[in-house]
Amino acid sequence: MLLKFNQRGNTLVVALEGELDHHSSESARVKIDNKIDETGAINLVFDFSGVNFMDSSGIGVVIGRYRKVADFGGKVGIINLRPNIKRVFELGGLLKIIKEYNTLDEAVMNW
Amino acid sequence: MFENEMKVEFPSKSQNESFARIVVAAFASQLDPTLEELSDVKTAVSEAVTNAIIHGYENGSGIVTIKCKISDRTLTVEVLDNGKGIENIDLARQPLYTSKPELERSGMGFTVMETFMDSLIVESEIGKGTRILMTKEFKLI
Ligand SMILES: Nc1ncnc2c1ncn2[C@@H]1O[C@H](COP(=O)(O)OP(=O)(O)OP(=O)(O)O)[C@@H](O)[C@H]1O
Ligand SMILES: [Mg+2]
């Protein structure tokens with residue numbers, strides 16, 4: 001799994017590419033946490049446009065990062081979910097806590 | 001009735017999670033599945049194999065076995081481990097139940113298997129291992 005980071009003000013944009021499963025989630029969560037600490041970002045946007053597979057391990061990664069930033073009043077958004085991945089998130093009821101936005105601008109503007 | 005079957009065995013390494021779901025998807029492809037059906041099967045297999053690795057063998061070494069069977073348009077997938085077993089299967093199958101919250105597990109694996117497949121049977125014995133049996137019928141398009 002490849003991770004690309006971008007910053008928009010105090011929002012860290014994490015673009016994930018590849019398959020998000022138990023194996024790839026281990027290093028993904030470490031890299032994301034390090035980047036949050038390094039940049040001091042408050043909010044997080046996950047860009048899922050490059051993710052073609054995800055199982056429940058991905059729910060764990062997103063909720064775990066949500067817990068981390070929410071402690072400091074941060075917000076988390078998700079953009080560009082493919083239908084198969086959206087179904088996994090919906091099962092977990094995750095989209096009730098963490099919102100899906102149509103674009104990065106929409107996510108950041110709503111905060 | 002058309003019938004076919006296959007069996008794969010591999011060590012309980014997380015690198016084999018993607019191997020496992022691709023192998024099952026490749027076997028299922030003879031049923032001309034839709035992309036959605038294929039994605040459902042891959043996700044369910046990924047959940048069962050991941051559980052065998054992190055819960056059954058607790059990230060230690062062991063063998064995971066997958067047996068697949070096709071009968072007409074129904075695929076049966078069996079995932080077996082000889083790991084520690086499940087104490088309370090009813091509790092384990094509850095959405096959001098996890099015995100390992102410290103590993104950031106969400107407790108949604110069994111719910112995913114149940115939702116994305118047509119049927120799910122879980123059999124387990126403490127100290128002996130766990131057997132997951134799932135079926136899915138592929139629609140004719
Ligand atoms: N093969 C197995 N061997 C032993 N215990 C298992 C096995 N599979 C599942 N379990 C038990 O059942 C519980 C629920 O499994 P489930 O897959 O639903 O959630 P999880 O693995 O904890 O979290 P998630 O799958 O969302 O990452 C696990 O926490 C574990 O205690
Ligand atoms: Mg699981």
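Convention: sequence-line order gives letters A, B, ...; per-chain numbering from 1. Computed over heavy atoms, backbone and side chain alike; hydrogens, waters and symmetry mates excluded.
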I need the [X] [atom1] to [Y] [atom2] distance, nearest 0.5 Å.
| X | Y | atom1 | atom2 | value |
| --- | --- | --- | --- | --- |
| Phe53(A) | Glu17(B) | CZ | CD | 9.0 Å |
| Glu104(B) | Ile59(A) | CD | CD1 | 12.5 Å |
| Ile85(A) | Ser39(B) | CD1 | OG | 7.5 Å |
| Ser46(B) | His23(A) | OG | NE2 | 11.5 Å |
| Arg21(B) | Asp21(A) | CZ | CG | 4.0 Å |

Taking everything shown except [X] itself, do over 12 heavy atoms lie less than 6.0 Å from its [atom1]?
| X | atom1 | result |
| --- | --- | --- |
| Glu102(B) | CD | yes |
| Tyr66(A) | OH | no |
| Lys100(B) | NZ | yes |
| Lys13(B) | NZ | no |
| Leu2(A) | CG | yes |
| Lys69(B) | NZ | no |

Treating Ile, Leu, Val, Met, Phe, Trp and Tyr as nodes and any side-chain heavy-atom pair under 4.5 angstrom as an edge, say whether [X] and [Y] lie in one connected cluster.
| X | Y | result |
| --- | --- | --- |
| Ile22(B) | Phe116(B) | no |
| Ile32(A) | Val13(A) | no |
| Leu96(B) | Ile63(A) | yes |
| Phe138(B) | Ile70(B) | yes |

Region of [X] that comes under 4.5 Å of a non-hydrogen atom in chain A:
| X | result |
| --- | --- |
| Asn59(B) | side chain |
| Thr115(B) | side chain |
| Leu103(B) | backbone |

Can a donor-acceptor pair be found between the side chains of [X] and [Y] at a distance below 3.5 Å?
| X | Y | answer |
| --- | --- | --- |
| Arg105(B) | Ser57(A) | yes |
| Ser14(B) | Glu26(A) | no |
| His22(A) | Thr50(B) | no |

Per-residue contact mode, Arg67(A) against chain B (heavy atom under 4.5 angstrom):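 No part of it gets close to chain B.
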Sub-4.5 Å side-chain heavy-atom contact between Thr43(B) and Asn84(A):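 Thr43(B) does not reach Asn84(A) side chain to side chain.
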Options Met54(A), Arg87(A), Glu19(A), ranked by heavy-atom pairs under 4.5 Å with chain B, top entry: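 Greatest number of close heavy-atom pairs with chain B: Arg87(A).
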Pairing of Asp55(A) and Lys42(B) as salt bridge, 4.0 angstrom limit: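 Not counted as a salt bridge, because no side-chain N and carboxylate O are separated by less than 4.0 Å.
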